[in-house]
Structures are given as C-alpha cells and as structure tokens.
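Each ligand, and each atom within it, is numbered from 1 in the order the structure gives. Counting from 1, the numbers follow the sequence of the chain as shown. Computed from a predicted model, the values in this text were never measured in an experiment.
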Amino acid sequence: MRTLTPSSEPVDLIERYAYPPGGGTWLRANMVASLDGAAQRDERSGGLGNAADQELFLLLRGLADAVIVGAGTVRAEGYGPVKPRESWGAVRDGRPPVPPLAVVSRALDLDFDAPLFTEAAVPTIVLTAAAADPARLRAAKERADVIVAGEEALDFTVAVRELAARGFHRLLCEGGPWVLAQVVEAGLLDELCLTLSPMLLAGHPARILNGPPFAVPPEFRLGHALEEDDFLFLRYARSR
Ligand SMILES: NC(=O)c1ccc[n+]([C@@H]2O[C@H](COP(=O)([O-])OP(=O)(O)OC[C@H]3O[C@@H](n4cnc5c(N)ncnc54)[C@H](OP(=O)(O)O)[C@@H]3O)[C@@H](O)[C@H]2O)c1
C-alpha cells in the first residue's frame, strides 16, 4: 500500500479528464455515490454531490460529443437541454456548442413539448427499440433525432455504433443505474468517473449499477484520485 500524497497545486481538470487521443469511440460514465454505495438520496442524485462535483459534472458534458442518459433519470431529475458554459473555455472549439442528450427510452413516456426537446441547441436524440409505441415514436420523430436499435429493448451496442456513425465518439453516460448496468453488461464502458460523497445513508437506494450480476466482472485501473471538501473524484479506466 502507499499513500496518495496531497499537493496544493491546483489541478487542470480539462487536462485531467481529456478523452484519450486517437478519435476512437470512448464511453465514459460519470456517477456519484455515498460511502455506503447509495446512488440516490431522496430519489435523486443531487443531494449526494457538492459544488466541485457539479463543476465536474458540467465539465464532463463539455468534453463529450453526446451524453447518454436513461429516461428514468430524465424524469427523476427533470432534465433540460445541455447549456453552454463559460467555464468550458475552448473545449468545444470545432464542435457544436453543446453535446446533445441521447435519452434511452422504450415507453417514450417523455414530454416532447418540454424544453429538453424544444429548446435544445443541438437536437436531443432518442435511443429506442422497434417495439416502441408507433404513435409515440411518431411524436418523438417530430421533435428529436430518433435512433431505433434493437427489437424489444434498446441494443446498446448498436446504439453506440449508430452514435459513432453520426460523429459522436466521445461519449458520456450519466446513468441512471439501470442504463449503466446494461452499458457495462454490453462491454461498452471504457471509463468510470466516480465521485465518492462523504456521507452514509442506509435505506434501500440503488447503487450506481442496477441489474443482474455479471458473469465476468470487468476490472478497472485507477487513473487518478482528486479531493475537495472530503469528496473523492476517482477516474478509473477498464483494464479488462
Ligand atoms: N448517483 C448517480 O450518479 C446517479 C446518476 C443518474 C441517476 N441517478 C438516480 O437514479 C434514478 C434513476 O435511475 P434508474 O436506474 O431508475 O433509471 P435510468 O437508468 O435513468 O432509466 C431507466 C429507463 O431507461 C429506459 N431503458 C432502460 N433500459 C432500456 C432498454 N434496454 N431499452 C429501452 N429503454 C430502456 C426505460 O425508459 P422508459 O421507461 O421510458 O421505457 C427505463 O425506465 C434516479 O433516482 C436518479 O436520481 C443517480
């Protein structure tokens, strides 16, 4: 074992969280959990974070080409479209001003008249399956860029391939736990950015992954560990 030596030097987060060079598809997830593994506090994730976590959340959006998120999280957190941030500096030079959200949904129980769809600077994407209700699918297509992948449920491998074909290679998944478990199950997760929040919650909240156990658990190596206000910001890349 060794200690992680603290340094008072400020950290260049843009450099620390740069996607790997090379231009290939890279899927990173950003999640927050309490010390006892809770991914929810009062049915949301906001109560787990702090200002630094929020800053990182926004920066990771700025670095991404597209942001994948489950409809459960969109509904629970009241997602609107991504807005450009001054703090992004030049990270989006040569790219659209914001990354689109790519919302995973089969039921398409989404308000297509909400700002998420009507005020997005870059059209919101809907990732769905062929079995989606035809009327809702038509409504989705009027307001969103719809990608149909898979029959009964979204096939995440095909969806990620379709996103890459549209030029979205630097992908960020903001969960929730149900979607993230499937992303990992499909072998698509390259990196996990995990904020460890210094609190204990108990109860029965979801963990950051919610799904059946993996036959072969993927393993990760630590890229870095940053600290602010007793929160840890961990960046792990898949090792196998
Ligand atoms: N701690 C964190 O970092 C963090 C991050 C994000 C969210 N959260 C919390 O997690 C909770 C929400 O997470 P969740 O796991 O319940 O929901 P979720 O993963 O955000 O979304 C689940 C929804 O995604 C759609 N979906 C999932 N798999 C699909 C597939 N294969 N094909 C088609 N659609 C699919 C379904 O939408 P339809 O029902 O529309 O078909 C499903 O209801 C909230 O409390 C939120 O605050 C925590």
(message) Taking ring-ring contact (aromatic ring centres under 6.0 Å, His included) as the definition, give me every residue that meets it alongside Phe156, ordered by chain and number, with sequence neighbours left out.
(response) none
(message) I'd like the name of whichever of Glu174, Glu152, Arg106, Arg41 reaches closest to atom 33 (C) of ligand 1 through any heavy atom.
(response) Arg106
(request) Assess the side chains of Glu174 and Tyr79: does a donor N or O sit below 3.5 Å from an acceptor N or O? (result) yes
(message) Tell me whether ligand 1 is touched by Ile208 - counting only heavy atoms on the residue side and a distance under 4.0 Å.
(response) no
(message) Once you restrict to heavy atoms under 4.0 Å, what part of Arg75 touches ligand 1? Side chain, backbone, both or neither.
(response) side chain
(request) Report the residues that fulfil ring-ring contact (aromatic ring centres under 6.0 Å, His included) with Phe57, sequence neighbours left out, ordered by chain and then residue number. (result) none
(request) Give yes or no for whether the N/O distance cutoff of 3.5 Å, strictly under, is met between Leu154 and ligand 1. (result) yes
(message) Check for me whether Asn210 has a heavy atom closer than 4.0 Å to any atom of ligand 1.
(response) no
(message) Regarding Arg238 and Glu191, does a basic nitrogen lie under 4.0 Å from an acidic carboxylate oxygen?
(response) no
(message) Using a plain distance cutoff, I'd like to know if Gly175 has any nitrogen or oxygen under 3.5 Å from a nitrogen or oxygen of ligand 1.
(response) no
(request) Using a distance threshold of 4.0 Å (strictly less than), state whether atom 16 (O) of ligand 1 has a protein heavy-atom neighbour. (result) no
(request) Could you tell me whether some N/O pair between Glu77 and ligand 1 is separated by less than 3.5 angstrom? (result) yes
(request) Name the closest protein heavy atom to atom 11 (C) of ligand 1, giving the residue it belongs to and the distance to 0.1 Å. (result) Gln40 NE2, 3.6 Å
(request) State whether a side-chain donor-acceptor pair under 3.5 Å links His224 with Tyr236. (result) no
(message) Would Ala76 count as a polar contact of ligand 1, with the cut-off being nitrogen or oxygen pairs under 3.5 Å?
(response) no
